Structures are given as structure tokens and as C-alpha cells.
Amino acid sequence: MFIVPLAVASKENGENSLSTYIVHLKKPKGVFAQAVDLDGWYRSFLPVTIPGQRTRMVFSYRNVVTGFAAKLTAEEAEAMKRKEGIKSVWPEKVYSLHTTHSPDFMGLQQNLGFWNQSNYGRGVIIGVLDTGITPGHPSFSDEGMPPPPAKWKGKCVFEGECNNKLIGARSFVEGEVGPPADEEGHGTHTASTAGGNFVKAHLAMYKVCGAGCSESAILAAMDAAVEDGVDVLSLSLGGGSIPFYMDSIALGAFTAIQKGVFVSCSAGNEGPSYGTLSNEAPWILTVGASTTDRSIAAVPKLGNGLTFDGESLYQPNDFPSMLLPLVYSGANGKAASAFCAPGSLKDVDVKGKVVLCERGGDIGRIDKGQEVKDNGGSAMILMNDKLNGFSTIADPHVLPATHVGYETGLSIQKYINSTMNPTATIIFKGTVLGKQTAPEVTSFSSRGPSLQSFGILKPDIIGPGVSILAAWPVSVENKTNTNSTFNMISGTSMSCPHLSGIAALLKSSHPDWSPAAIKSAIMTTASLVNLGGNTIVDETNTTADIFATGAGHVNPSKANDPGLIYDIQPDDYIPYLCGLNYTDEEVGTIVQQTVNCSSESIIAEAELNYPSFSILLAESGGSQTYTRTVTNVGPASSSYTYEVFVPTGVDVSVKPEEIVFTEVNQKQTYSVTFSRQKNISLPFSQGLLKWVSAQHDVNTPIVAIFE
């Protein structure tokens, strides 16, 4: 079917008024024999251009959605919405990157256990959507690497610089011609984290971020990656909470999982407030950030002899151990000075002194040190605000510095006010391992609940995302005036590729597992305690709740042998999506097929066969019963009994008391009934259902949200 084009675009519209719009079309009956035929159909919807005017088509999507991205005026976009065959037209969103020793910490010991069992990810292809990549970096050496599998159909536009490790590299950034060079560093870092040279997985880079990460480019890259034959997609970017049918990452990810591609995304860096997640769709693994047991210690020592924990990546060898004068930058009562804002210290006497600065004020942590340095300060102690609490980060500061927690900062302020001549120094101790409170949920990691679907617990998992050391563009000069091939940065951008790499290992170890099965294995085997055997804490140094941790901290070796899995087939999401009160057309946009919700067995959100329970309990709502189906991937003959750690304010009953298997891949179903107790004033409470056999513990987290 061809559509009469919109009116001819005149020069009066002006190219400066053109913006990129995402256009979704109703899927035509039948299929187009050639990509050029589909492209021609798409172009039939566009305004007719006049000679000399640039082409309107930006991207033509073939795999993940039915539609295209085009340059339109606002008036043309409105007119297009009224055309037959058009489902939706919206201006593209610009997403942001989620950035601000880990293998050993996660129990992946070199040449042992899961590494060997997974063949080091051999034959698996990880597609990374990011800022580009630096070919030739040692992390992307292909020594000992086999060639890519025969299914690989992608291409590399780095002339002669790709190899058996880096098998694909393309740019989708508008206006960028040539290879996807990484000027930011972020993409090189995430790609080496997901699949650096130690593992045998292959890497493909899809550059989607320049000044920002445009929605049209992200869709185009996902479209290409699925066609190229990737097994895992890793996206360390996002744009906040939005309905799934308007979320291009969710749309692209759904088609990906339909084709067996696992999708891992960062949860976002908007924590610690509740409801701040990105990438909430249940077919995506949503990854929060936690610390490792390593710190790059920079210990502030005060004139009264007190010392405190602190961190800094910059570790000078020649900083004097003698005490220097200590001053609080905000002693003049000005907020800008307290934050060490640019230009705020020119009238403050900081020369030769250690300067205490406050975090915040929309000023970068390193930029605060630059202001201290520019005004002659010798060193900086950066104290957290109350919101960030105990969460600190090792940054490549421009001068001797240390980042300390909020309570430590208050103690230092108290000391300054207690004496006429406060003094301090910083003792740089380098790398310190074995912190028993690790992992800790960091303050910036975005928190649940999912605003789009309260019946799905998010984030799914946490993984290492603080002060992560990985590859960096060789040509980039860092703030300490040294060229480095590696850099240490933080964000859920860093935790996401850890999970992408783990998913690749699981895919290699279990090639028959679906994306949902891999996610289930990761979630049900997650660690619930820290290295010291106590509960995982957050930035307040108290127990982190379930909206911070999700199922817990990833445990790769256990994920390789989960015992039971909760599997979900792509069509299983249709009754779930209908249950979100989406229209037939909205559900169809997601699943890329015609849907009639009135003929579906619509289910409540919490009825999806997800490896967790998230339930809403009204004060007078009565009991709610949900079923789950588990698949035996452990010993053929095995039996499981349950233990329940009951959420406060909830009565829980489970049937049956025992589930028994006689075959591998056999399925069994159980049910759980939840009832709200009277006089509950909590916003939510959490618990755990554990199925236990002779060899396995299968954890299923529970959160009850009280309406």
C-alpha cells in the first residue's frame, strides 16, 4: 500500500525549523522482499522535497519497529499523524549516558570454575551501544580469539583495525562520517568491561552518542545489531520513566528478545530517591550500581590526630606528610564558596592550605578541586552532602584530594570550629582490598519502584559500578596531565556491562537458554549479604531496601547452576501488557503484531512469570493469589521445599509444600497467596520466598506495596 505524500515542503518551512521525529506505522500485511521496497514504502509518507533540500529520511527501521526517523517541521508532523497507516509521531528524545578488580570480587577466579564452564564466552557476540570505541587498545587484542561465528553479518568501518575480538564498529550519530572513534572514553570503558581481551566473546560497537544519545540513533543501532546477529545488547544509557510503547529502548529490546537476544540496561544515576529508574520494561535486565571491596585510599588526618576513610584516584608520591593549615571554603557564609564553585574562592585565603569543600551545587567534583588549585590551595577534602551520605568515589583529581562521607565532613567542620589553628594533611595509601561491608549500594544508583509497572520489581540486580577500572582511549590526556590507557569511573553505566558480560558467559554455557531464563538465573542466585556476612547497606550505612538492591548482588558462578528458572516466552508479555490498560494499538507497537486485548486472557502485572513478586495491597482489598511456573535445569531427580521470610504486615501461604521433578526441563507450578494485615502504616515491606533442595537455593524476592 502506498500513501499519497504530504504537501510539497517549501523553502518557507526553513531547514532550521526541522527536527527529528520518530514515526511508527501500522505493520503491513505480508513482507517486503527487499529492504529497498520497505524503504520506498516509508518514503511515500514523507513530504516531497524540492531540489537542493536535504533528504528528510534519517533512519529506516527494518527489524525492531515498523517505522522510520525523519526531519519534519512541527506542522508536517501534525499532518502526518492524520494519515492512514500512521500509528504515532513524536519528536525524538535525547537520552543520557549513565556515568558519573571487579571479576575477582564477583567470584570469577582466573582459569577456574565458571570461566572454564562457560568457555570464556567463546562464540558469543556482545553488541554495545555507546560513544564509540578505540580499536588497537590492548583490551581489544584478539590473541587466541577464534573468528566470529558464521551467523555474524555486521561490518566494521575502521579500516584494517577490527579483528577477531572487535568484529563490528559503526556510527549512527547524525552528521558523523567515518569510523565510530571514541572521543568521550565511555564506550571504550564499557566495551572492555563487557568483553575485554581475557574473555573469548566478540564485541561489536554501535556508536549512538555524540553531544547526546539520540532516540533515532539508538533505534537504528538496535535495528542493525539484531540483523547483524548479536547475542547480547548492552546499553549504558537511558531517559527516565516513560510508557513502554513510547520508550524506544523498550521497543527495540522487545524485538531483540523475540529473536533470542539478551538485553542489559543501566538503571540510571538519579538515586537515592524512589521512583527514579530508567529502562523498566520486564524484558530488560535493569542493573543498579554497587561498590567492590577495593578502595583507592586517601586518608585525611587532622591536627588532633583523628583520621577518616576517604578516596582519590590521584595518588601523589610527593605530598608532604606534615600538617598544613586547614580551612572551610564556606566560612564566609557564601553558598558558592562552600561548593567551591568556579570563581568563588578568589577572595578566600586558601593559598598553601587544605580546603574543605562541600559536594553539590551542580558543580563537578573535579571542578571543585580545580577552583582550589587555581587559587593556590594545596589540597582538597571534598565532603558529601546528606543525600549522598557514606557513598564516596575515587576521582582523578587535579590536586591532592580526598572524598569523604557526610558524617566525616561534619566531624571535620566541628574540628575546624574548635581551634584557632586547624591543620590537616592527606595520607595516600593506594589500593586497599578486602572491605567487609562490600558490596554497598551507592547513592547515585536509581531506585524503584517502577513507575510504569508497580507489579514488576525493579531494579532487577545490582553489580559493580563504583570506581571501575577499564580501558580508556590512549590519546586522551586526563586531568592529572598523564596519558593513561585505563581509567576509573563510576555509574550504573559501569554496572550494566558487568552484567552484559556475565550474560554472555551464561549464553555460552547454556546456549539453549532464553533471555528470560538467563535473567532468572542471575536474579534467583543473587547474594543478599556482604563479604562480612551482614545485610547489604546503602549510602546511609543502614540496610539497603529492595528498591535499591532488587534481587541482590550478582553471583556469576551460582547463576551458572541455578537449579530452577522462571521462563517467559515473548508472547507471554501480551496479556501482561493488556493488563497495563494499554490499547490494542499500543500493545501492537511493542510486540510488532496485531493484538486484540479483548480476546486475551488478561493478567495482573504480578501474574507475569517473573522471578520476583511485587504486589499492591489495598487496605480492604482481600487476599491475592499468584502462580509461578518453574523449570528444572538442575538434576533430573530433585525435590524442593520452601522457606518464607514473610514481609511485615502480610500473611503469606504457599501451595504445594513440595515440588518434585523427575526430568530435566520439567515444569511445575506453585501458587502464593498474600493477605494484608490490619493497621499497617508502612509504605512497603519486603520478604523472600526460597525454594530449597539438596543442592540449590532458589531465591524469589517479595515486596508488598501498601496502598
Side-chain angles (χ1 to χ4, degrees), residues 99-110 112 137-139 185 188-190 192-193 196-198 289-301 307-321 365-366 369 379-382 384 390-405 408 425-444 462-472 474 476 478-491 493-495 497-498 501 530-532 536-537 539 541 553-554:
T99 190
T100 146
H101 145 100
S102 40
D104 283 348
F105 175 66
M106 295 187 296
L108 292 172
Q109 305 298 328
Q110 188 168 345
L112 296 173
H137 190 284
S139 287
T188 300
H189 197 280
T190 58
S192 66
T193 302
N197 65 349
F198 182 70
S290 55
T291 63
T292 70
D293 66 334
R294 177 184 61 195
S295 63
I296 314 299
V299 176
K301 181 178 180 180
T307 60
F308 302 94
D309 291 335
E311 291 190 90
S312 174
L313 183 56
Y314 179 36
Q315 296 273 316
N317 295 320
D318 56 354
F319 189 68
S321 58
R365 298 182 300 274
I366 295 172
M380 175 181 70
I381 299 174
L382 176 62
N384 266 346
F390 288 81
S391 292
T392 58
I393 294 172
D395 286 315
H397 289 287
V398 298
L399 81 171
T402 182
H403 185 186
V404 301
T408 294
T425 189
I426 301 173
I427 303 168
F428 295 95
K429 294 188 173 183
T431 300
V432 177
L433 299 174
K435 188 176 182 181
Q436 292 299 291
T437 56
E440 304 157 327
V441 181
T442 188
S443 59
F444 62 71
I462 55 173
V466 178
S467 301
I468 301 302
L469 183 67
W472 201 250
V474 175
V476 173
N478 66 26
K479 294 274 188 175
T480 55
N481 298 316
T482 58
N483 287 325
S484 175
T485 57
F486 295 88
N487 196 10
M488 190 175 280
I489 56 177
S490 301
S493 277
M494 283 62 256
S495 52
H498 277 94
N530 59 28
L531 291 182
I536 295 171
V537 300
E539 73 287 342
N541 206 29
H553 190 273
V554 63

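Values in this document were obtained by computation on a predicted structure and should not be read as measured data.
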[atom1]/[X] to [atom2]/[Y] distance, rounded to the nearest 0.5 angstrom?
{"X": "Ser493", "Y": "Ile468", "atom1": "OG", "atom2": "CD1", "answer": "11.5 Å"}
{"X": "Thr193", "Y": "Met494", "atom1": "OG1", "atom2": "CE", "answer": "6.5 Å"}
{"X": "Met488", "Y": "Ser312", "atom1": "CE", "atom2": "OG", "answer": "10.5 Å"}
{"X": "Thr431", "Y": "Arg294", "atom1": "OG1", "atom2": "CZ", "answer": "6.5 Å"}
{"X": "Ile296", "Y": "Asp395", "atom1": "CD1", "atom2": "CG", "answer": "11.5 Å"}
{"X": "Thr408", "Y": "Phe390", "atom1": "OG1", "atom2": "CZ", "answer": "7.0 Å"}

How far apart are the C-alpha atoms of Ser139 and Phe486, what are their side-chain angles, what is the distance that settles it, and do they pass the side chain to side chain contact (heavy atoms under 4.5 Å, CB included) test?
CA-CA 9 Å; Ser139 287; Phe486 295 88; 3.6 Å; yes

Ignoring hydrogens, what is the shortest heavy-atom contact between [X] and [Y]? Give both atom names and the distance.
{"X": "Ala289", "Y": "Gly465", "answer": "CB-CA, 4.0 Å"}
{"X": "Tyr314", "Y": "Pro316", "answer": "O-CD, 3.4 Å"}
{"X": "Gly463", "Y": "His553", "answer": "CA-NE2, 4.0 Å"}
{"X": "Glu539", "Y": "Ser391", "answer": "CB-OG, 3.2 Å"}

Going through the distances and angles, do Phe444 and Ile393 end up as a side chain to side chain contact (heavy atoms under 4.5 Å, CB included)?
CA-CA 11 Å; Phe444 62 71; Ile393 294 172; 4.0 Å; yes

I'd like to know if the side chain of [X] and the backbone of [Y] have a donor-acceptor N/O pair within less than 3.5 Å.
{"X": "Gln315", "Y": "Gly430", "value": "yes"}
{"X": "Thr437", "Y": "Asn530", "value": "no"}
{"X": "Asn384", "Y": "Gly405", "value": "no"}
{"X": "His498", "Y": "Pro464", "value": "yes"}
{"X": "Asn487", "Y": "His189", "value": "no"}
{"X": "Thr402", "Y": "Ala298", "value": "yes"}
{"X": "Thr307", "Y": "Pro300", "value": "no"}

side-chain contact (heavy atoms from CB on, under 4.5 Å) involving Ala401 - partner list, sequence neighbours excluded
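With neighbours one apart ignored, the set is Met380, His397, Leu399.
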
Beyond-backbone contact of Ile366 with Pro396, side-chain heavy atoms, under 4.5 angstrom:
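Ile366 reaches Pro396 side chain to side chain.
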
Hey, are the side chains of Pro439 and Ile536 touching, using non-hydrogen atoms and a 4.5 Å cut-off?
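With C-beta onward as the side chain, the pair touches.
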
Run the side chain to side chain donor-acceptor pair (under 3.5 Å) test against Glu311 and tell me which residues pass, sequence neighbours left out.
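Side chain to side chain donor-acceptor pair (under 3.5 Å) check on Glu311 returns Thr392.
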
